[in-house]
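Worksheet for the structure shown next.
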Number of protein chains: 2
Amino acid sequence: MSSAPSIYDVSRLSGVSTATVSRTFSCPSRVKEATRRKVYEAAEALNYSPNAIARSMAIQRTDKIAYLICKQGATILDEFYAGICDGILHTVNRTDYQLLVSTEEDWKLSGATAQSKSIEGVILGGKAEMSLISEFRAQGIPVVLVNYFVPGLELPSVVADEAGGVRQAMEHLISRGHKRIAMLAGRLNPYVLSERYNAFVAIMKERELPLKPNDVKMCDPDVKSAEAAARELLSLAPRPTAVLCANDVIAAGVCKAAHRLGLRLPEDLAVVGYDDASFCTMLDPELTSVHIDCRRMGELCVERMTELLGEKPDVSEFTVVPTELIVRRSS
Amino acid sequence: MSSAPSIYDVSRLSGVSTATVSRTFSCPSRVKEATRRKVYEAAEALNYSPNAIARSMAIQRTDKIAYLICKQGATILDEFYAGICDGILHTVNRTDYQLLVSTEEDWKLSGATAQSKSIEGVILGGKAEMSLISEFRAQGIPVVLVNYFVPGLELPSVVADEAGGVRQAMEHLISRGHKRIAMLAGRLNPYVLSERYNAFVAIMKERELPLKPNDVKMCDPDVKSAEAAARELLSLAPRPTAVLCANDVIAAGVCKAAHRLGLRLPEDLAVVGYDDASFCTMLDPELTSVHIDCRRMGELCVERMTELLGEKPDVSEFTVVPTELIVRRSS
DNA sequence: ATAATAAATGTAAGCGGTTACATTTTGACG
DNA sequence: CGTCAAAATGTAACCGCTTACATTTATTAT
């Protein structure tokens, strides 16, 4: 198979210069209707399609951005960051942008740099290391954070309305008559954790509900740790009648612990998760959870990035995506 | 910020020709030790790193491959295909290859072609449409299938040992004394479904266990459908004592149905899932499932692809990844 | 009709590497 | 030393596209 046809072949066949062919494809309005048609015909006949590499070379831009998942041990398998990735991919796939996906860990291990990967902007998902952020900034590479925020850094961040989500969950529980509400917090990334935790405490205070130090427990975000922590939480006297969990995995742990202790959901204990992971509907009873539109977050990341990459002088620092409480059987 | 230093800058600073600089980076053994050192020094001083775009342009290769998820409505959020993606990414990120991720749907909608995206090879995950496969082949683009196989097409396929997995599950159930074993099959992709189904039937026959037509039911692969189908399965008389499910989501549906019917797991009913999704440990009781090493499958896809892209004349058609039964409380 | 202006097209020089081929340097050997 | 092959390096064309600038063609005003 001979090599692909170039702009030169089209030029010859259509009888116009290469410049005109180029214009026909990159800026059709600048060539006369009749000429344009001739070019299209020739291109069609030759099955020509512009060579993106050569184009990048000529215009000195790659339109390539990266999405790095910055979470200890997490990969694209992490449902939350995969959701964001989905949004990014979906948006990027319908533009001329290209996306490089990796993890912070792989990125550093492979010694990659924005330059070596021809990257023009980077979206960092989760708690990125400061050194990484600084490196990109030093190289003049625009950075967008998602699901994370660093005060004072003036970096655009796309985040979910954490406080709002907690409020929705709490109001739901309170409206169901719960007064002794505990929280099982996990070691999420510092920004997200503090938002959720602070909102919880603030609302308890605001509603003048009793909150003792032991009513909030911390655990690792895996089922085992959550289950163990939940056991302690549920052996408090008087026992909490509802538990707000920092995420769904933790909530699953609470459900298991409750089951072991012979507590019925939601009669004896109401459980609310956070993130609305896909497995919420697989649990029995199905888990009430705060839904986060990850895909939307991903889309917004790309929007912010294109703004940064475009002429827009400065981009708003915060982009907040609303949450929605999905009420199911567990509460 | 001025533009990045080019090979020309390094050439001047180090006092050698651009050709030598180029060789120093792409084939160090071809330049004398002393010269090499000079070049490295100059490069270091200028903070030079080769421009990948220009290189691609010159050598007429992009080293870029694509991974298309070919499953109705599925995205990178589908845990199984995300697992494969993880393996691919991991492998690709530590080579000079680049990866483009998309779905079959997005790919077609955006009118992308291998040429327009500068793709040199494509990995198709799941049941790809024949038209898509043909298109790539017509363009001389190497194709690797994963989790799918088309007889007679002579395309390298990376698949899990489905029959083996079913056997592991069945032997486990049989060793636990089960004789009335039902199967709840879902509309998976045709290759995978038939492998799992045929293996199930074969083993039942082989062990001379009773199998009536109604003992195998088909359902859509979502919890709701599975739960409904499971209800029917569990109302058969005599009732099956074990159910082999085509995947974990279906298994979750079975667990819910059993629970509603007041059946205890595993005493009254044993349930075995397939794929070993992350939520298996979140269910209560935890779900026994056939583990598939998706990441390994992804790695193997890249290996096959590099072989195809390299000189290797013909690549083995089948690459089979072993499965492992993870026994948990549900059986 | 003619000049002035706008629109369309053409010419050719890059973009930053690679590499065939030419030239110079090196080193082994008679 | 001189010869000659091998090794190292240099020269310059090329990869396929864009675009500044030059030139031609069309349009409008006078």
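Convention: sequence-line order gives letters A, B, ...; per-chain numbering from 1.
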Close approaches to DNA chain C from residues 58-65 of chain B, in residue order (heavy atom, under 4.0 Å):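 B:A58, B:I59, in order of number.
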Close residues, residues 28-37 of chain A, relative to DNA chain C [heavy-atom separation under 4.0 Å]: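 The answer is A:R30, A:V31, A:K32, A:T35.
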Only pairs under 3.5 Å count here: list side-chain donor-acceptor contacts from residues 39-53 of chain A, not counting sequence neighbours, and write none if there are none.
| from | atom 1 | to | atom 2 | distance (Å) |
| --- | --- | --- | --- | --- |
| A:S49 | OG | B:Q115 | OE1 | 3.1 |
| A:N51 | OD1 | A:I53 | N | 2.8 |
| A:N51 | OD1 | A:A54 | N | 2.9 |

Ring pair (Phe, Tyr, Trp, His ring centres under 6.0 Å) partners of residues 109-133 of chain A, not counting sequence neighbours, each pair once: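 Found none.
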Pairs touching residues 87-141 of chain A that satisfy ring pair (Phe, Tyr, Trp, His ring centres under 6.0 Å), sequence neighbours left out: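 Residue pairs passing ring pair (Phe, Tyr, Trp, His ring centres under 6.0 Å), neighbours aside: A:W107-A:F136.
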Among residues 6-16 of chain A, which ones have heavy-atom contacts with DNA chain D below 4.0 Å?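 Residues of residues 6-16 of chain A that come under 4.0 Å of DNA chain D are, in numerical order, A:S6, A:I7.
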Segment of DNA chain C, first to last nucleotide, that comes within the 4.0 Å heavy-atom reach of chain A: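 Taking any atom under 4.0 Å from a heavy atom of chain A, the span is C:dA8 to C:dG16.
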Hey, can you pull the donor-acceptor pairs under 3.5 Å for the side chains in residues 66-89 of chain B, sequence neighbours left out?
| from | atom 1 | to | atom 2 | distance (Å) |
| --- | --- | --- | --- | --- |
| B:Y67 | OH | B:Y81 | O | 3.0 |
| B:K71 | NZ | B:D78 | OD2 | 2.7 |
| B:T75 | OG1 | B:L77 | N | 2.9 |
| B:D78 | OD1 | B:F80 | N | 3.0 |
| B:D78 | OD1 | B:Y81 | N | 3.3 |
| B:E79 | OE1 | B:S278 | N | 3.4 |
| B:E79 | OE1 | B:S278 | OG | 3.2 |
| B:E79 | OE2 | B:S278 | N | 2.7 |
| B:E79 | OE2 | B:S278 | OG | 3.4 |
| B:Y81 | OH | B:N147 | ND2 | 3.2 |
| B:D86 | OD2 | B:R295 | NE | 3.0 |
| B:D86 | OD2 | B:R295 | NH2 | 3.2 |

Verify whether one side chain among A:R304 and A:T319 offers a donor that lies under 3.5 Å from an acceptor in the other.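 The criterion, which ignores hydrogens and geometry beyond distance, is satisfied for A:T319 and A:R304.
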Taking only residues two or more places apart in sequence, or in another chain, which ones meet A:E129 in a salt bridge (Lys or Arg N to Asp or Glu O under 4.0 Å)?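 Checked A:E129 against salt bridge (Lys or Arg N to Asp or Glu O under 4.0 Å); matches are A:K108.
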For A:R30, check salt bridge (Lys or Arg N to Asp or Glu O under 4.0 Å) against everything at least two apart and list the hits.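 In terms of salt bridge (Lys or Arg N to Asp or Glu O under 4.0 Å), with neighbours along the sequence ignored, A:R30 is linked to no residue.
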Degree of bending in the helix from C:dA1-D:dT30 to C:dG30-D:dC1 once both end axes are built from five pairs, to 10°: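 About 30°, once rounded to a multiple of 10°.
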For the atom pair OG1 (A:T95) and CG (A:D63), what is the distance rounded to the nearest 0.5 Å?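 Output value for this atom pair is 8.0 Å.
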Could you list the residues that satisfy side-chain contact (heavy atoms from CB on, under 4.5 Å) with B:L153, not counting sequence neighbours?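 side-chain contact (heavy atoms from CB on, under 4.5 Å) check on B:L153 returns B:M130, B:I133, B:R137, B:V150, B:L155.
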Taking OP1 and OP2 of D:dT18, is either one under 4.0 Å from a side-chain nitrogen or oxygen of A:R55?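 Yes, such a contact exists.
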